[in-house]
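The structure appears right after this line, and notes come after that.
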2 protein chains.
Amino acid sequence: VEADDHDALVEILDELHPADIADLLEQVSRSERKALITLWGVQLDGAVLSELEERVRDEIVAELPDHVLIQALQELETDDVVYLAEDMDEPQQERILRALDDVDRAAVERSLKYEDYSAGRLMQTEVVVAPEHWTVGNAIDFLRNEEWLPESFYDLIIVSPQMHPIGTVSLGRLMGSARKTRLRELMNEDFRTFRVDQSQEDVAYAFNKYHLISAPVVDADGRLAGVITIDDAMEALEEETEEDLRLLAGVGDEELSDGVFTIARARFVWLVVNLMTAIVAASVIGFFSETIQMHVALASLMPIVASMGGNAGTQTLTVAARALATRKLTASNMTRVIGREGIVGLLNGIGFAVVMGTLSALYFSDHVIGLVIGLAIIGNMVVAGFAGVLVPIGLEKLGVDPALASGTFVTTMTDVFGFFAFLGLATLVLM
Amino acid sequence: VEADDHDALVEILDELHPADIADLLEQVSRSERKALITLWGVQLDGAVLSELEERVRDEIVAELPDHVLIQALQELETDDVVYLAEDMDEPQQERILRALDDVDRAAVERSLKYEDYSAGRLMQTEVVVAPEHWTVGNAIDFLRNEEWLPESFYDLIIVSPQMHPIGTVSLGRLMGSARKTRLRELMNEDFRTFRVDQSQEDVAYAFNKYHLISAPVVDADGRLAGVITIDDAMEALEEETEEDLRLLAGVGDEELSDGVFTIARARFVWLVVNLMTAIVAASVIGFFSETIQMHVALASLMPIVASMGGNAGTQTLTVAARALATRKLTASNMTRVIGREGIVGLLNGIGFAVVMGTLSALYFSDHVIGLVIGLAIIGNMVVAGFAGVLVPIGLEKLGVDPALASGTFVTTMTDVFGFFAFLGLATLVLM
């Protein structure tokens, strides 16, 4: 790049996978990125754009001349074009769409009408279909004469004359059968379809559970609208799990290349929630300040009670939130799981009560303190067990993602209950 | 089941997908499960076994008569047989393997020799290969004459006479080409292979990054040993992400159907680590007990300092651990990311210092307390930023999974530093 040698650059980049080029672009500085893209020029590979993380992609797309961008998009399948077009500003989106050929433009425009994170957005509209009365020979000849086949394509979708999908034939089956066999006989009728308005979460879940490779997507009238392939579903699955993981920790969808101010602002919001809950917990402590002044040992022991409850709650919460996300926790086993978490909390509570009660009684030569901390730990760990499973279930009932801010709710409960039980008991017994 | 009606049961179960039957079995009680399996008898579908979660599967497999189990395994591909066989006790494993036909047994035994979670364990040995001098017609005729083709099969692997993979031809390409075309011309030479000893984490990462559908696995001599398909990689990816999520929260690989004692014991271990770190934090507080006795307001404010640091640290940690797992955080951007986390901590620290300092100063009518808590928050949030990114990087350098117990390390650092900074400053200024 420094030598301004276009041909050498193209030669190097040609050797690399688009995903690796995207990684490279993400890791260099903004000005290096710009120089590289400019030098690369019209040979820019559209696939690289769809591999980039959002912020870098937006930056590059906003700066690319239209003709380069159009050239780059021409080679992509419609789902990738949709993925890139959805983040463009409107005038740019319009200019770009106008340059696509009619069929593609119509498909992209239709997809953009579906909601974000829906099956309609995820699907590609390049579908290979065949009527059921065809033979294997017809299908193979048809495929041979097609000029252009989608890159990811694993099943032939068999459709009725009204374009309703009625079965699928995998390429493997098609290959392994005699030319004169009718598709009707090979057809797998036990296939899963998605509606365009289903969430990508549903899609990812079904692909993972039923080991699907590709699945037809139908519109409101049951007509074939597109197809979702496993690579798109795999990405959606990764996205959904990643989102849960981040929500549990109170982080949004920041990216590694984001700037400090963007990140600081996004995290600030979550920390404000945490501050408010910490103030609630602090006011519980403030309520017992007289007791603490008389028995200052309580001040050093109280964070232990809160911390054990907080950790036990987080453990339960993580398991429960994931069980809800993977649909393992259902109405039929809910009572059992809730009861079990209570018992686990009780068992571990008793264990830690004995350990911590003994240690405290010995250290402070005061068996009453040992008794108080022991009882508080048992109570708090039972609360942690119930809170850890009831909070995500409750959030889900309210239609909120169970991972969202659950952590903060649960630790608030264990902090407040822990401080209250420990200091309250101490006040009763010691004062 | 209650009516003991075998035929009706078989009819109902035949309609269901194996994954749904597995879900059903997981949700009923142990005795119902046993009754259902016994009634189902030899028609038991092997695919159901590989869908079950580990504990339930082990229970069923241990109780199944050998002839039913052998019957069930016969229909499975070798990777699924390996998956089931690896958890059997040795005498059972031997009896079962002896019943498989020679080719399958050899393949399963070879796979079992590879380490857990390696590419060798993940792959299936049913591979469709062809020499490069074949034409499309040869390949199609060969496939038509094969009695049995693997269920998940998307690429023909082209091998040299020494069985080294030299290219792949997707079924889509094969279909779309004239019979007389040589495979050599269609062959994609830019494919990725895995070695049998590579980790499943590497495999999942590469499938996700490069959108692979299937990839050959080679042994130490570079000879083709098997193939990994995207559905296996998708499961491995889900498993690895899930593991990270659980490790961050301090939960092992417990399952929803595990009993209370199993779960309580597994979580106990993690809580012991937490207890020890909480005791360290408590002893810091104990060190300043005189100061607390004089200014009891400090007792209610100190958990706020610790909690803000803990949360900020967890946010950073989650982002950093995921960036390491997805290989976005590399040597080339490490310094930038570490610096950025420090600055984000500083910015948010200043923000919360102003808020909390003002509130405390007003509430306690004491501007010195406001100043002390403000400074402690700034310091602790910078520490949180650095700890959140340096702890996982350090663990990775040591060859440990960066998600493992990182949370505990980071919150211990922020607790200890938070208490120390806040109470230490207060002692200096107020005493």
Checking heavy atoms, do the side chain of A:Phe419, its backbone, both or neither come under 4.5 Å from chain B?
side chain

What I want to find out is whether A:Asp23 reaches B:Lys209 closely enough, with some N-O distance under 4.0 Å, to be called a salt bridge.
yes

Atom CZ of B:Arg173 and atom CG of A:Leu143: how far apart are they, to the nearest 0.5 Å?
14.0 Å

Check each atom of A:Leu275 against the heavy atoms of chain B and say whether the ones under 4.5 Å are side chain, backbone, both or neither.
both

Assess whether salt bridge (Lys or Arg N to Asp or Glu O under 4.0 Å) is satisfied between B:Glu238 and A:Arg322, documenting all intermediate values.
CA-CA 12 Å; B:Glu238 179 70 358; A:Arg322 287 309 296 160; 3.4 Å; yes

With heavy-atom distances below 4.5 Å as the criterion, would you say the side chains of A:Val319 and B:Arg267 are in contact?
yes

Can you list the residues that meet the ring pair (Phe, Tyr, Trp, His ring centres under 6.0 Å) rule with A:Tyr205, with sequence neighbours excluded?
none

Spacing of CD belonging to A:Glu240 relative to OG1 belonging to B:Thr241, to within rounding of 0.5 Å:
12.5 Å

Counting only non-hydrogen atoms closer than 4.5 Å, does B:Leu298 touch chain A with its backbone (N, CA, C, O), its side chain (CB onward), both, or neither?
neither

Between A:Ile304 and B:Ala282, which heavy-atom pair has the shortest distance, and what is it?
CD1-CB, 3.7 Å

Is a side-chain N or O of B:Arg144 found less than 3.5 angstrom from the main chain of A:Ser177, in a donor-acceptor match?
yes

Which atoms of B:Leu271 approach chain A - backbone, side chain, both or neither, heavy atom under 4.5 Å:
both

A:Phe268: what forms a ring pair (Phe, Tyr, Trp, His ring centres under 6.0 Å) with it, not counting sequence neighbours?
B:Phe352

Could you tell me whether the side chains of B:Gln293 and A:His295 share a donor-acceptor contact shorter than 3.5 Å?
no

Spacing of B:Tyr363 atom OH and A:Ser283 atom OG [to the nearest 0.5 Å]:
7.5 Å

Do A:Glu255 and B:Lys328 sit within salt-bridge range, that is, some charged N less than 4.0 Å from a carboxylate O?
no

Region of B:Leu359 that comes under 4.5 Å of a non-hydrogen atom in chain A:
side chain

What is the distance from atom CD1 of A:Ile292 to atom OG of B:Ser289, rounded to the nearest 0.5 Å?
12.5 Å

Measure B:Val28 against the heavy atoms of chain A and call it side chain, backbone, both or neither at under 4.5 Å.
neither

Report which part of B:Thr277 has an atom under 4.5 Å of a heavy atom belonging to chain A: side chain, backbone, both, or neither.
neither

What part of B:Val337 lies closer than 4.5 angstrom to a heavy atom of chain A: side chain, backbone, both or neither?
side chain

Is it true that a side-chain atom of B:Gln315 and a backbone atom of A:Gly250 form a donor plus acceptor pair closer than 3.5 Å?
yes

